[in-house]
Chemist: 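This structure is in structure tokens; I'll ask about it shortly.
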Amino acid sequence: MASRIIIMEFNFKKIEQKWQKFWDENSSTNLLDTKKKYYCLTMFSYPSGSNLHVGHWYNYGPTDTYARFMKMNGYNVFQPQGFDSFGLPAENYAIKHGIHPRISTEQNIKTMKLQLKSIGGMFDWDAELRTSDETYYKWNQWIFSKLYDSKLAYQKEALVNWDPVDQTVLANEQVLSDGTSERSGAKVIQKPLKQWFFKITDYAEELLNFDGLNWPKKTVSMQKNWIGKSTGASIKFSISNFDEKIEVFTTRPDTLFGATYLVLSPEHPLTKKLSDNNLKVIKYIEDSASKNELQRLDLNKDKTGIFTGSYAINPVNNKKIPIWTADYVLASYGTGAIMAVPGHDERDNEFAMKYDINIEYVVSHSKDIESINTPIYEEGYCINSDFLNGLKTKDAKTQIIKWLENNGFGKKHINFRLRDWLISRQRYWGTPIPIVYDPDGNPHLVPEKYLPWKLPDDVEYKPKGTSPLGSSKELLKRTEDIFGKGWKPEIDTMDTFVCSSWYYLRYPDSKNDDEIFTKKSLDWLPVDCYVGGAEHATMHLLYARFITKALRDLKILNFDEPFKKLYHQGTITKDGAKMSKSKGNTVAPDRFIEEYGSDTFRIYLMFMGPYDEGGDWNDKGIKGIYRFLNKIWKIVALPSTDKIDKDIDQLMHQTIKVVSEDLCKMKFNTAISRLMELVNSVIKKDSISDEFKNNLTLMLAPLAPHLSEELWNILGNKKTIFAQPFPKYNPLKLQKDEMNIVIQVNGKVRANLSISKNMDKDTVLDKCKELENVKKYLDEKELIKEIYVPEKIVNFVVKG
RNA sequence: GCCGAGGUGGUGAAAUUGGUAGACACGCCGGAUUCAAAAUCCGGUUCUUUUUAAGAGUGUGGGUUCGAAUCCCACCCUCGGUACCA
């Protein structure tokens, strides 16, 4: 009796321990076999001090289920893990507690690894990498060198985003749309600084091409918008009494005849000069500079501006038009100057109305209308435009560009919103930029033989607005010892997004000290399936594509795109807010794992809803999953029988079919429901066939790996269940002899009828009409129409 | 403002070449078991009504159709992205 009770509930703690140990010892992928390779990768994570929360599990658990499913479909699956271990939090922790980032990071990784193992993931720990290891950042520096040699890494002085809290510059991608830092939340200010950039803009056009990629549409469109391609013309305006020219970019060169003024951004190099240092104009420039980004971007505010006092010449009609400066023109987009067409641009119109500037109308809605007096912002037909008159604006664009080119006033121009990637950071815990400066201040690459160019230890962490590396005596001494007296090291470090832009290339050969990777190891690439949060759409995912293309052009890679398939798991929120340590709203899975086990927990996460939707956390339903797993435990413990129950057999094959299809599409929630239905249909049986037990266990395996390994073992198998193929369904067993059809009268369901498969239409209809509850509605009515959809539905349409 | 996704019971959600709305699960109600509880098992559970049955019902209002959660039009709301990009 006692043994009976033990067998009724599975001892998940013992089982999990047993199999985690087993996988630990048998987890590495055969990386030499790339014939049927499947590289399945979740975005690696930052080793934070706190324990893994529900959000982490949601990232790793379901993806592991998918990886295990692929493995059971005969693929050689590679699912490595690593840590994005450079970065600000460890450094901020060091500032606060005086503990070296290397030590805190090491500790964090240790706990994190233990926890990752508790998920039961099929992770290949032999391939583990950490970006803060010398063995990794050496190659980060090597990539920098290659980019530098090919002019894709360069230094320039520019207005850059400065985060006053974290005391470092940020890339455009790291500044949110409200002008705050993605990381610290501080309001970002603009500062002129000499910084290192990667020339991502060289790849703007190619980055717009997503052919052959299985990526979420949303992410594709976000990247396209971020890159922001617009086609138009650049036009040069000459200036009365000045030698200089003003170049503008416009997408509406067809409205050039309506350009009645120019606007320079306050930061434009000519603004001061054209005003002849007029005090009012200078004050306006200073005022806009002091406005923060938030104020500048406020669309509701009135547009402001001031006349510079100078005039430009509209090349197409030689009219003198005033040059204004206004902060509604952004210095950072296009040329920082525009031609204003108040008749056909909403913003220019608002400005012209306010300052009473001349408005010319040069586009009308129809060919027949030659004069209008209200603004039109859409395309139309040219009027009051000399040789363009009567043309569709679309055709006029081509014509005017031809005219501009012939007369030397401008040319066709494609402008991108994307700007080069700023990679310098004034922080400590990152990859040192492998550059030294000679006594004249010219930069030189640190030669490859000195890589890794080590991050020094003797630094003052506390940020003072300059890079902590500047306080290292060792770094300066090292530089002078190698290069000579008066040489100085670069003291900025690289953005951690540089580390993460290529880590997936390193995994298949992560321990190689002699090469970044081998040709052979690249057979694992590109990544077949990449899973991670959608918040990386215009940062990490864009950088990774750029680096891949750049390395391809350097003949280091032979493919164009890093990630064939991309999937964004949804976000698990807590009371509507994203879980984060700083908000203090994280939910630890520990309690649930203690009570129900790791298998139950990961299945519960998958059962909550569609994987790409996430949802708000609640623990209400977890019991149901625990019950479900216990039922399976009981079914496998049932006495075996040789008798085949036809209904159960059919349901089993149907379930195999649907579960395979669902897992293939990462529709975990519906796959689990199907398995529950199958389980419920046999739970009351006294005995069940071994074939059923085997197939049920195999289908459960990707979802509940620990329990399935144990059950597989109990069923008398010596090898791991993941060496087994996923069950295949037999199409012949899906066919039904009897089927249920629904009978409606006027679209309302009145009856059901079970019919044999081969019954002809008339017989079916006659049978339907005889049913009591159908007859009732047909009597004394006129039958107008009979709809018959074979094997599905009958609908009688009656009148009266 | 623009782009994208979404809105279904008390809750998480199923159902998309148009064909029985609410599968599966939680919770709740009732029962069995128990000294009692937990666990387990059985039954019920969209709403309304005059409950062996009928009517209504998938954000709102229209439309197409024998038939609409599903297709079309207009609108409301929520979430994500983006925002003076010339």
Side-chain angles (χ1 to χ4, degrees), chain A residues 5 8-9 176-178 216-222 224-226 228-230 232 248-253 255 263 265 296-301 303 326-330 332-341 344-348 350-351 415-418 534-535 537-538 568 570-571 573 576 604 607-610 612-628 630-631 634 667 669-680 683-684 740-752 773 776 784-789 791-798:
Chain A
I5 288 162
M8 293 310 271
E9 287 224 352
L176 302 181
S177 56
D178 64 355
K217 268 196 229 133
K218 189 176 91 177
T219 312
V220 169
S221 88
M222 275 170 74
K224 282 185 177 170
N225 288 337
W226 186 260
K229 177 180 178 175
S230 29
V248 304
F249 171 72
T250 177
T251 54
R252 293 295 303 271
T255 61
V263 189
S265 64
R296 282 266 310 250
L297 288 174
D298 185 1
L299 288 177
N300 297 322
K301 80 162 189 227
K303 289 189 179 20
D327 66 4
Y328 80 91
V329 171
L330 307 175
S332 50
Y333 184 78
T335 60
I338 63 158
M339 67 176 215
V341 184
H344 306 286
D345 181 282
E346 205 171 351
R347 298 151 302 183
D348 298 342
E350 191 194 318
F351 191 77
N415 194 62
F416 292 95
R417 183 181 174 276
L418 182 72
E535 67 273 17
T538 54
H568 296 307
T571 312
T573 54
Y604 177 58
F607 187 64
M608 275 174 54
D612 56 357
E613 280 176 28
D616 204 49
W617 170 255
N618 75 72
D619 54 21
K620 277 193 199 155
I622 193 163
K623 241 177 214 172
I625 305 296
Y626 187 63
R627 286 174 188 153
F628 164 64
N630 267 310
K631 283 182 194 170
K634 284 177 203 167
K667 288 173 72 177
N669 55 333
T670 49
I672 294 162
S673 309
R674 288 294 187 144
L675 283 173
M676 284 173 168
E677 284 179 84
L678 182 67
V679 161
N680 290 343
I683 189 69
K684 278 173 217 156
N740 190 54
I741 59 163
V742 176
I743 301 117
Q744 300 182 331
V745 179
N746 282 349
K748 284 198 173 24
V749 180
R750 297 303 176 187
N752 278 269
N773 209 39
K776 206 163 94 185
I784 303 171
K785 208 171 182 179
E786 295 171 333
I787 310 282
Y788 175 64
V789 182
E791 298 173 18
K792 269 186 182 161
I793 205 163
V794 167
N795 191 8
F796 297 113
V797 185
V798 297

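Reminder, nothing fancy here: chain letters follow the sequence lines and each chain counts from 1. Not measured: the values here are computed from a predicted model. Any value given below was found using the heavy atoms of this structure, including those in side chains, with hydrogens, waters and symmetry copies removed.
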Chemist: Does B:C42 have OP1 or OP2 under 4.0 Å away from a side-chain N or O of A:Lys684?
Modeler: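 For B:C42, OP1/OP2 do have a side-chain N/O of A:Lys684 under 4.0 Å.
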Chemist: Counting only Watson-Crick or G-U wobble pairs whose two distances fall under 3.5 Å, which nucleotide matches B:A74?
Modeler: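 Its partner is B:U60.
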Chemist: Which whole-number value in Å describes the distance from A:Arg750 CZ to B:G67 P?
Modeler: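 Answer to the nearest Å: 14 Å.
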Chemist: Does any N or O donor sit under 3.5 Å from an N or O acceptor when you compare the side chain of A:Lys218 with the base of B:C3?
Modeler: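 Between B:C3 and A:Lys218, which were checked side chain against base, a qualifying N/O pair under 3.5 Å is absent.
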Chemist: Spell out protein contact along nucleotides 13-25 of chain B as letters: B when the base is contacted, S when just the sugar-phosphate is, - when no protein heavy atom is under 4.0 Å; keep the 5' to 3' order.
Modeler: SSS---BB--BBS
Chemist: Nearest to the side chain of A:Lys785, heavy atoms from C-beta on, is which of B:C66, B:U11, B:A83?
Modeler: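 Comparing B:C66, B:U11, B:A83 against the side chain of A:Lys785, the answer is B:C66.
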Chemist: Under the side-chain contact (heavy atoms from CB on, under 4.5 Å) rule, what do A:Val742 and A:Val794 come out as? Steps first, then yes or no, please.
Modeler: CA-CA 6 Å; A:Val742 176; A:Val794 167; over 6 Å; no
Chemist: Watson-Crick or G-U wobble partner for B:A14, using a 3.5 Å limit on both distances?
Modeler: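 Pair assignment: B:A14 / none.
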Chemist: Could you work out which one of B:U82, B:U11, B:G81 sits closest to the side chain of A:Lys620?
Modeler: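 The listed nucleotide nearest to A:Lys620's side chain is B:U11.
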Chemist: For B:C79, which nucleotide is its Watson-Crick or G-U wobble mate, given both distances must be under 3.5 Å?
Modeler: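 WC or wobble partner is B:G4.
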Chemist: Say whether A:Asp619 and A:Tyr604, considering side chains only, have a donor N or O and an acceptor N or O under 3.5 Å apart.
Modeler: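 No, no side-chain donor-acceptor pair sits under 3.5 Å.
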Chemist: For B:U45, which nucleotide is its Watson-Crick or G-U wobble mate, given both distances must be under 3.5 Å?
Modeler: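 Base-paired to B:G27.
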